[in-house]
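Have a look at the structure below before the remarks.
In what follows, residues are counted from 1 in the order of the sequence shown. Here the structure is a predicted model, which is why all the values come from computation and not from measurement.
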Amino acid sequence: MAATKSNGVVESYLVAYNAASFVGWGYVLVQTVLYLLDHGTDLSGLFDRIGYPLICVQTGAVLEVVHSLVGLVRSGVLTALMQVYSRLLLVWGTLYMFDYPEIRASPALVLMVFAWSITECVRYSHYTLSLLDIEVPALLYLRYTLFYVLYPAGVTGELLEMWAALPHAATIHPLLKTFFIVNMVNYPPVLYKLYTHMIRQRRKILGGAGKPANASAEKVGASPAAKKKKL
């Protein structure tokens, strides 16, 4: 009985975490779209509109590393850490630290935010509904298909943002510029690891033809205890 109660508490927490993350990323996405509709290519006020919500919701993803470490989810700690680390470097080490238009008002920021927010809205909504035993085959398909485009798009935006930050990092300390360069050089192998991981997951869950009918590994009707381990 105690184990069942504990599983219920963990599942409720994961539902709340994923739902809150979906709302946060949804807010960032909607506000970005509304800003672009209002201002077009004038990006001078974009960071003021979405910057701090973006930083907050992305910082909250640190909990995903904790979830992996303590065994609440089955996701590998290294995979979660690589994704969260690179994004924290962008939101805190670049966007927050450097208040310059080439960083906070650039097309690269738009590209990065769209890639991140669309990816996360799909991912967190899929996780939330799975934990609630609600099956949405189209959402499952998007979860394991959109990354083909969104991962490279997001990485392109991230690299352009860091590139724009290099001259300003050098004025603080030469080692900070070197730190950014090292991280940029490390992007291709990290992207390869994450990209191939998602391809393997797609084959496992959707099958070679991408048919949700073969999604036994993330079958929404699985027991709650099993489902929370698959996030």
Side-chain angles (χ1 to χ4, degrees), residues 3-33 50 52-88 90-92 112-151 154 194 197-198 200-202 204-206 212 215-231:
T4 302
K5 183 176 180 180
S6 176
N7 286 340
V9 170
V10 170
E11 183 180 339
S12 297
Y13 163 74
L14 289 174
V15 169
Y17 170 78
N18 286 301
S21 297
F22 167 73
V23 171
W25 282 107
Y27 176 82
V28 171
L29 178 59
V30 169
Q31 289 300 317
T32 302
V33 171
I50 66 164
Y52 292 105
L54 172 64
I55 291 172
C56 287
V57 70
Q58 183 54 59
T59 302
V62 170
L63 289 173
E64 296 191 15
V65 180
V66 178
H67 297 164
S68 297
L69 281 172
V70 301
L72 294 186
V73 298
R74 188 179 293 180
S75 302
V77 176
L78 182 59
T79 300
L81 184 61
M82 286 191 298
Q83 291 178 311
V84 172
Y85 165 77
S86 64
R87 289 192 180 185
L88 289 181
L90 264 298
V91 297
W92 286 106
M112 184 179 76
V113 169
F114 271 128
W116 287 5
S117 57
I118 294 172
T119 296
E120 302 299 29
C121 282
V122 171
R123 184 167 71 98
Y124 285 120
S125 60
H126 166 63
Y127 288 167
T128 302
L129 294 175
S130 294
L131 285 164
L132 295 174
D133 202 18
I134 300 173
E135 182 176 3
V136 184
L139 196 58
L140 180 67
Y141 181 81
L142 291 174
R143 164 76 180 111
Y144 292 100
T145 302
L146 289 178
F147 77 91
Y148 279 121
V149 174
L150 295 180
Y151 271 29
L194 294 176
H197 168 75
M198 286 300 296
R200 289 193 298 270
Q201 288 295 101
R202 188 179 194 275
K204 174 183 176 182
I205 292 172
L206 298 184
S216 57
E218 276 207 11
K219 184 176 176 60
V220 179
S223 66
K227 286 183 295 183
K228 70 181 178 63
K229 289 292 186 180
K230 297 183 187 297
L231 300 182

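In plain terms, the two heavy atoms of Tyr17 and Gly60 that are nearest each other are OH-O, 3.5 Å. Minimum heavy-atom separation, Leu29 to Ser117: CD1-OG, 3.3 Å. In terms of heavy atoms, Ser21 sits closest to Val57 at O-CG2, 4.1 Å. Taking both residues in full, the closest heavy atoms of Ala80 and Glu64 are given as CB-O, 4.4 Å, listed atom of the first, atom of the second, then distance. Considering every non-hydrogen atom in both Gln83 and Leu194, the closest pair reads CG-CD1, 3.7 Å.
Counting only heavy atoms from C-beta outward, the side chains of Tyr148 and Met198 never approach each other to under 4.5 Å. Counting heavy atoms from C-beta on, the side chains of Thr59 and Trp92 come closer than 4.5 Å. A 4.5 Å side-chain heavy-atom check between Arg202 and Tyr141 finds at least one atom pair inside the cut-off.
Taken to the nearest 0.5 Å, the CG atom of Asn18 stands 9.5 Å off from the CG atom of Leu132. Here the CG atom belonging to Leu90 is positioned 4.5 Å from the CH2 atom belonging to Trp116, to the nearest 0.5 angstrom. One distance of note links SG of Cys121 with CG of Leu146; it measures 11.5 Å at 0.5 Å rounding. Atom CZ of Arg123 and atom OG1 of Thr128 lie 10.5 Å apart (nearest 0.5 Å). Rounding to the nearest 0.5 Å gives a distance of 4.0 Å between OG1 of Thr119 and CG of Leu150.
Listed for the Ser75 side chain is no donor-acceptor partner under 3.5 Å among the backbone atoms of Ser68. Thr145 places no side-chain N or O within 3.5 Å of a backbone atom of Leu142 that could act as its donor or acceptor partner.
Not counting sequence neighbours, the partners of Phe147 by the ring-ring contact (aromatic ring centres under 6.0 Å, His included) test are Tyr151, Tyr195.
Across Leu54, Ile118, Val122, Val113, a single residue satisfies side-chain contact (heavy atoms from CB on, under 4.5 Å) together with Trp25, and that is Leu54.
Looking at Tyr144 and His126, their side chains never bring a donor and an acceptor atom within 3.5 Å of each other.
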